[in-house]
Amino acid sequence: MDKIMVKPAYYRSRQGQLIFWSLIAVAGLALWIVLVSLGSRSIWTATLSSFLFFFTIASGMFMWTVLMSLSRARWALQIEHLSAASIGFALPSLVLLGVLWAGAKVWAPWPGGHFPSGAYLNTSFLFGRDLFIIAVFWILCRIYLHRRFRENAGRIGGIIALWYLVGFTFLALDLVEALQPPWKSSLFGPYFFVSALYAGILFWTLVSVRTAGDEAFHDQVKLIVALSLLTLYAFYCQVLTIWYENLPEETPYVIPRLNYDWKWISLAVVIALYFGPLVLLLLRRWKLNRPYAAAVCVLLLCMHWVQCWWWVEPAFSIEHVHLSVSAIAAILLTGGLFMISYVLSIGYVKRFYSEKVVVT
Amino acid sequence: MNDLTFGKIQDLSLEPLKPPGLRYLFTIAILGAVVTGAIVIWIIQQKVGMQVTGLNNPVGWGIYIGNYVYWIAVAMSGTFISAMLYLVRSRFRSSISRGAETMTVIAVAIAGLFPLIHLGRLWVVYFMVPYPQGLQVWPNFTSPLVWDMLAIFTYMVTSWIIYYMGIIPDAASAWHKEKVSPGPHYLRAKIHRLLAMNWHGAASQWRHYKRSYLFLAAMATPLAVSIHSVTSWDFSMQLLKGWHTTLFAPYFVCGAILSGSGYTMILLVPLRNAFNLKSIIKTEHLASLSLIMIAASIGLGYEYAIEPFLGWYSGDIYGKQFHAFEASGWIAPLFWSLLFFNIAVPLTFINRKLRHREWYLFGASILINFGMFVERWVLTCASTAHDYLPHTWSAYISSWAELSITAGMFAFFALAILVLIRLIPIVPISDVKEEFFAQTQEKSENGIPELDTGIRIERVRPSDGGIAGSFERVSQLVSALESVLANSYRKVEVYSPFAIKEILQIFREKTSPVRIWTLIGALCGIGFGWFLTTVTAQENMLITGGKPPIAITPFWVTVFELGVLFGAVAALYSFIRLARLNKRERWPGFLPEYSRDRFGLFIACGENEAANIRSLLQQAGSTEIRDIAPLESGNAHALPASAVQQEQASRNG
């Protein structure tokens with residue numbers, strides 16, 4: 001197999017980027033500490049929203065690397081290291097979840113509660129298994145990177161895909177569904193991991209905007225449209241079934257989101273995040289217009305943050321929407337950490353691709 | 001495909017169309033007898049009523065509805081596999097797509113019959129169509145049964161359109177062969193002539209063809225998902241354990257992909273052996289299909305696992321007792337066997353050796369489809385047989401009448417397949433040639449020259465005269481086209497047995513007006529969908545199930561289906577109009593071998609330019625150069641293409 005030449009666009013100003021994102025993270029951390037010390041509950045839920053936002057991006061992005069390998073697609077090899085670099089968020093994601101665990105007494109609904117599933121929603125058990133799921137996922141990803149171009153890459157890729165399917169169902173159940181304990185939906189797991197793949201392709205396209213070839217970029221944008229429709233499908237199947245039967249154990253999730261202040265947020269998420277790509281990226285020339293496509297990706301990523309926030313917040317504030325400084329602090333902190341880890345790991349991941357891809 | 005040529009691909013693919021032997025006719029007769037028997041039993045059922053079935057209170061849905069779900073699943077996956085693989089540019093798609101599509105068009109028709117059979121009183125079926133019944137009540141568009149009817153109709157139309165679109169170039173190939181032998185008056189030749197319309201494989205036709213096929217595939221993929229989702233909602237919109245769950249739609253889709261892929265396998269393995277198609281439908285292609293089955297079985301396994309888990313998680317006692325009934329009640333042997341057939345058997349394909357043994361794949365696919373049929377049977381009757389009230393718990397055993405009609409439908413499926421494979425090529429000839437060309441192109445060191453995509457080609461008129469050249473290789477054709485365009489000749493037409501991407505670029509494939517027509521059609525469908533749902537709800541003003549008469553959430557289903565239906569019809573209509581398939585007009589310079597293994601280039605020009613063009617074609621390696629005399633306008637539209645060719649031949653001596 002011939003080596004593929006990749007433009008060095010993303011490695012030029014690494015130090016500058018690190019300084020910039022470090023400043024962002026430090027500012028976020030300072031604000032976060034102040035808000036925590038003031039006893040704010042919203043800083044914790046905003047941290048959970050931001051954790052879900054960046055974790056879904058990172059895990060979804062890495063899953064694209066795996067899916068490319070499983071489907072033997074070669075079109076993305078040139079930009080694959082940009083998605084694999086999301087492995088850098090492994091440690092920050094575990095730390096952030098650990099922090100959320102530490103503050104669970106302040107914000108989580110589980111401490112002291114009595115639930116039909118008994119100890120399953122015990123706070124320590126819940127966070128313990130989620131940390132385990134995430135840790136195993138990243139370890140598998142690390143092994144996969146090491147074997148990416150070896151014969152048995154497909155096998156480890158298959159294991160990661162299975163772990164993603166099962167593990168992320170538990171994450172969805174624990175970190176979103178369980179925020180409103182009577183509520184259950186068997187579709188929320190697939191909805192969650194499809195959303196993560198959607199977020200992953202959005203960020204991957206954004207960081208590939210200067211590097212990808214025309215065909216690869218076009219394929220990425222087409223995947224954005226496909227994933228938006230798949231997410232819409234999962235969302236609609238869930239809402240329609242719950243709306244139709246109106247059962248008490250299912251409606252706690254839907255009622256706040258289809259009524260009160262939250263209905264406007266729901267409308268924005270559906271229009272912009274689910275239907276947006278179908279309209280905004282309809283024509284081929286729009287798909288290939290890189291500044292435009294990048295702007296659409298930024299808009300959709302913003303809406304993905306809104307979606308994560310909309311998954312979490314209505315469980316704590318059913319009628320009213322409160323978007324406070326807590327959200328800014330959480331975004332700055334988690335976003336800064338995410339970007340630092342991402343920029344650092346590009347250099348780290350590069351070595352795994354040096355056999356097949358030349359990064360000059 | 002190493003030992004293949006374009007001509008050999010054509011010959012192998014058209015081999016099944018030869019007149020059948022006695023064994024074939026005997027099989028057809030047997031199957032016909034079984035189907036006739038089923039029809040007789042159905043007439044008896046109409047006469048004496050539903051008492052001939054095993055349906056009882058509370059089990060009101062039995063094997064007929066199970067059959068319906070099963071056949072819809074088979075139907076769904078054919079178009080889904082074909083369209084989805086087309087969109088992702090899969091390599092193995094070309095070999096299996098026609099088999100999958102053939103299966104779809106028959107299965108969807110069978111599926112559509114079962115609700116009618118189950119209805120008992122067939123004549124009240126018009127309650128479902130958008131027409132006010134006796135009490136001036138319109139159908140309720142919040143009802144899953146109305147969505148179902150609409151979804152089946154849309155899917156049937158769209159699947160037939162996709163199937164027909166794929167047939168057009170192949171029917172033209174078959175027609176050009178058959179008009180020589182056995183002759184143009186044979187019934188089969190006439191059918192192919194009719195199906196091919198005015199297809200000549202011209203680049204200006206391929207341009208619209210590829211675009212409309214792409215849009216149809218893009219619409220068919222979500223449509224296929226929607227049809228089985230809508231089927232699932234027939235169940236999940238009801239308050240019964242085992243039915244009502246949010247995951248039902250994706251679960252049905254996974255099951256459909258599993259059974260449909262299995263059915264495709266069951267179809268292709270004997271066919272490739274019987275008609276010597278192993279060099280086209282390769283073992284690797286079947287192995288790739290088995291990988292799809294692994295993914296689908298994992299999806300099914302996910303559903304089987306998540307439901308009991310959530311039942312435990314939420315402390316739902318009814319859910320728990322229902323899952324206990326499935327695992328240990330009278331239905332348990334069927335429940336455990338379906339887990340084995342639908343999960344364990346497909347997972348054996350993980351073994352590379354097993355998935356490369358065609359007869360293992362064939363046998364396993366039969367087991368999987370048996371498992372899927374059992375699953376549909378269990379799914380349909382278990383929930384009603386074991387609902388919330390223990391004193392109504394019951395059992396259901398399918399009667400001889402139900403089983404006979406079921407057997408009749410399987411026989412009808414086999415019969416229809418056997419008839420269609422003798423009429424329509426079972427592999428898409430033009431797609432296989434295109435894939436073969438792409439593969440040989442990759443291996444070849446000398447690529448074909450790139451053409452200047454900025455050049456604007458002018459349309460060749462039927463009455464135009466000029467010079468035509470034949471070529472054996474695509475590279476020669478492209479070289480000739482390049483030099484002709486470099487000499488400022490713009491009125492050109494290219495004929496080829498398959499779409500050549502490099503040439504279509506300069507014929508502006510991407511900007512074909514098909515996209516505008518399709519978009520307008522889809523928007524009209526969406527508009528009509530909203531109009532129909534809201535106006536009929538306004539007219540009825542009935543509150544059903546505590547829902548408002550005008551309910552936006554469920555109306556999306558109708559809107560989506562009508563959007564796709566109108567879009568698909570618009571795509572086909574615009575393709576036929578733009579590619580001039582509806583006009584029996586002359587295509588200057590066309591020869592029948594251009595639908596087989598030769599490539600043609602026609603350049604419209606005056607007599608003073610002929611010598612220069614002839615020399616350009618000669619330099620590019622043309623095997624045959626012909627002068628095409630212009631026709632007076634008016635004659636061109638009056639004469640059928642074959643007559644025009646004969647006239648030209650006589651003019652050219």
Looking at chain A, which one of [options] has the largest number of heavy-atom pairs inside 4.5 Å, strictly under?
| options | answer |
| --- | --- |
| Gly315(B), Gly299(B), Pro554(B), Ala249(B) | Pro554(B) |
| Ser90(B), Pro144(B), Ser288(B) | Pro144(B) |
| Arg515(B), Gln238(B), Glu303(B) | Gln238(B) |

Please classify the contact of [X] with chain B as side chain, backbone, both or neither, using a heavy-atom distance under 4.5 Å.
| X | value |
| --- | --- |
| Leu121(A) | side chain |
| Leu165(A) | both |
| Leu229(A) | neither |
| Phe115(A) | neither |
| Ala178(A) | both |
| Tyr191(A) | neither |
| Glu249(A) | side chain |
| Leu223(A) | neither |

Using side-chain hydrogen bond (donor to acceptor under 3.5 Å, both in side chains) as the criterion, point out the one residue from Arg211(B), Lys210(B), His208(B) that pairs with Ser512(B).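 Of Arg211(B), Lys210(B), His208(B), side-chain hydrogen bond (donor to acceptor under 3.5 Å, both in side chains) with Ser512(B) is met by His208(B) alone.
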Testing Gln439(B), Glu435(B), His285(B) for side-chain hydrogen bond (donor to acceptor under 3.5 Å, both in side chains) with Arg91(B), which one passes?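 Between Arg91(B) and the candidates, side-chain hydrogen bond (donor to acceptor under 3.5 Å, both in side chains) is satisfied uniquely by Glu435(B).
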Assign the ring pair [X] / [Y] to parallel, tilted or perpendicular, where the plane angle (0 to 90°) is split at 30° and 60°.
| X | Y | result |
| --- | --- | --- |
| Tyr274(A) | Phe235(A) | tilted |
| Phe168(A) | Phe192(A) | tilted |
| Trp311(A) | Phe188(A) | perpendicular |

Which bit of [X] comes within less than 4.5 Å of chain A, counting heavy atoms only: side chain, backbone, both or neither?
| X | result |
| --- | --- |
| Leu310(B) | both |
| Val230(B) | neither |
| Phe309(B) | side chain |
| Val557(B) | both |

For the candidates [options], which exhibits the highest count of non-hydrogen atom pairs separated by less than 4.5 Å from chain B?
| options | result |
| --- | --- |
| Lys184(A), Arg155(A), Glu177(A) | Lys184(A) |
| Ile242(A), Leu247(A), Leu258(A), Val239(A) | Leu247(A) |
| Leu283(A), Leu162(A), Val166(A), Leu173(A) | Leu173(A) |

What are the two closest heavy atoms between Trp286(A) and Val279(A), and how far apart are they?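 It is CZ3-O, 3.3 Å.
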Show the nearest heavy-atom pair for residues Pro116(A) and Tyr313(B), with the distance to one decimal.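 Of all heavy-atom pairs spanning Pro116(A) and Tyr313(B), the closest is CB-O, 3.9 Å.
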Counting the benzene-type ring for Trp, do Tyr164(A) and Phe193(A) have ring centres under 6.0 Å apart?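 Centroid distance Tyr164(A)-Phe193(A): below 6.0 Å, so yes.
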Between Tyr244(A) and Ser236(B), do the side chains contain an N or O donor and an N or O acceptor separated by less than 3.5 Å?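 No - no donor-acceptor pair under 3.5 Å links their side chains.
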Using a strict threshold of under 4.0 Å (side-chain N to carboxylate O), is an ion pair present between Asp174(A) and Arg129(A)?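 A salt bridge links Arg129(A) with Asp174(A).
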Indicate yes or no: does Arg290(A) engage Asp214(A) in a salt bridge with an N to O separation below 4.0 Å.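 Here Arg290(A) pairs with Asp214(A) in a salt bridge, since their nearest N and O are under 4.0 Å apart.
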